[in-house]
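Atoms within each ligand, like the ligands themselves, are counted from 1 in listed order.
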Amino acid sequence: MSDADATVVMRREGAIGTVLMNRPRALNALDLGMIRGLQAAVDAWRDDGAVKLVLLEGAGGKAFCAGGDVRGIRDAAIAGDTASIEAFFAEEYALNRGIARFGKPWVSFIDGVCMGGGIGVSVHNAPRIATENALLAMPETAIALFPDVGTSYVLPRLPGEIGTWLALTGARLRGADSVHAGLATHFVPRARLPDLKAALAEGDVSAVGRFAESPPPASFHAHRDAIRRCFAAEAVPAILRALEAEGTDWAAEQAAILRRMSPTSLSVSLELLRRGAEATLDECLEMELALTRVVVNRHPDFREGVRAVLVDKDNKPSWSPPRIEDVDPAAIRAMFVG
Ligand code: QUE
């Protein structure tokens, strides 16, 4: 296979290793082959003293990485191919752990769409450079998944319930917003990335500090207090009541967004984040892997969500149960036991 066809392109460039996620027609969404390619980079360079840092980029100019290959996972779920599903998530989460433990800088150039799995291959190490073209989100509740790839560890540690707000509503953050939220560490205009890459090739990660600019104010700044108040509630129905009590257009919009998401997924996601707040990254990844076996293989909402959002694109999922008020909290807790 030539470089142009490879879905992950690894290169040694001076004192660094570069990794390109190269499936631009799928917005570089990770399939199992790409996960294995990224793991190969971790394995090759972790103990190679000549490689001072790794630089991760997405091909095509539109996306860093749109997530996981959820269409392929849905096909496997419909076919009853639980072994393929298990391999995908087990290897993806092992990669997330490997990046966290890489032991040297894993530099992500987040210039375009970065959702779900894209956050998982960047957020556990640093620096994470967002441009004005970056668009970060955890959109899983729209397809009845849950915040995975180790974000059940990361999101509860963001300030002021921002992580809970992001996970439940799937709110999209532009580059500057993502720095304010803590998902990215530096803001660099995309026009400066080629020069930054050349500087990094010298092997000194401190170049990032010289290129970073102070990001424009957060678009969510005016809502920070409301986010802290409303998303601290212990259960999804209480979050909805708190949003309705705010009496603002913004809060009403957040409630309307939550009403479109999978009620089961919202409840699972909130429970997962609360448990994740008290757990280590490894424990979070274990908990997430156990949840995939229930949520992906057994619950109908995941297939239905991917159908409605990505396959038929009618955006009219039919959830079971259909209403947040009909979710049985004991049934949600039971999903964490297996
Ligand atoms: C929620 C998700 C994903 C999503 C949309 C959601 C996700 C994912 C993609 C995606 C987008 C474009 C592609 C593609 C996949 O969309 O995980 O292959 O071309 O990968 O609402 O979790």
For atom NZ of K104, is the number of surrounding heavy atoms from other residues, nucleotides or ligands below 6.0 Å larger than 12? yes
Could you work out, for atom 4 (C) of ligand 1, the closest of M115, E140, M261, K62 by heavy-atom distance? M115
To the nearest 0.1 Å, how far is atom 13 (C) of ligand 1 from its closest protein heavy atom, and which atom is that? R71 NH2, 3.3 Å
So, do V123 and N96 sit near enough that their side-chain heavy atoms are less than 4.5 Å apart? no
Charged N-O contact under 4.0 Å between E161 and R274: yes
Taking the non-hydrogen atoms of L145, is any one of them nearer than 4.0 angstrom to ligand 1? no
Is it the side chain (CB and beyond), the backbone, both or neither of A29 that lies under 4.0 Å from ligand 1, heavy atoms counted? side chain
Euclidean distance, F336 CZ relative to M287 CE, rounded to 0.5 Å: 6.5 Å
Check each heavy atom of A142 against ligand 1 and say whether those closer than 4.0 Å belong to the side chain, the backbone, both or neither. side chain
N22 side chain to A6 main-chain N or O, any donor-acceptor pair under 3.5 Å? yes
Short version for D69: what comes under 4.0 Å of ligand 1, heavy atoms counted, is neither
for atom 12 (C) of ligand 1, nearest protein heavy atom and its distance come out as L27 CD1, 3.8 Å
Taking only non-hydrogen atoms of V70 and a 4.0 Å limit, the atoms of ligand 1 in range are 7 (C), 8 (C), 17 (O)
Closest to atom 8 (C) of ligand 1 among protein heavy atoms sits A66 O, 3.3 Å
Measure the distance from atom 20 (O) of ligand 1 to every protein heavy atom, then report the residue, atom name and distance (to 0.1 Å) of the closest one. G68 O, 2.5 Å
From the list M138, E140, R172, side chain to side chain contact (heavy atoms under 4.5 Å, CB included) with M115 holds only for R172
Is the shortest distance from a heavy atom of M138 to ligand 1 less than 4.0 Å? no
Nearest 0.5 angstrom please: L285 CG to Y93 OH, how far? 8.0 Å
Checking the side chain of T141 only, and the main-chain atoms of A144 only, is there a donor and an acceptor separated by less than 3.5 Å? no
Shortest protein contact, atom 22 (O) of ligand 1 (heavy atom only): I143 CD1, 3.2 Å
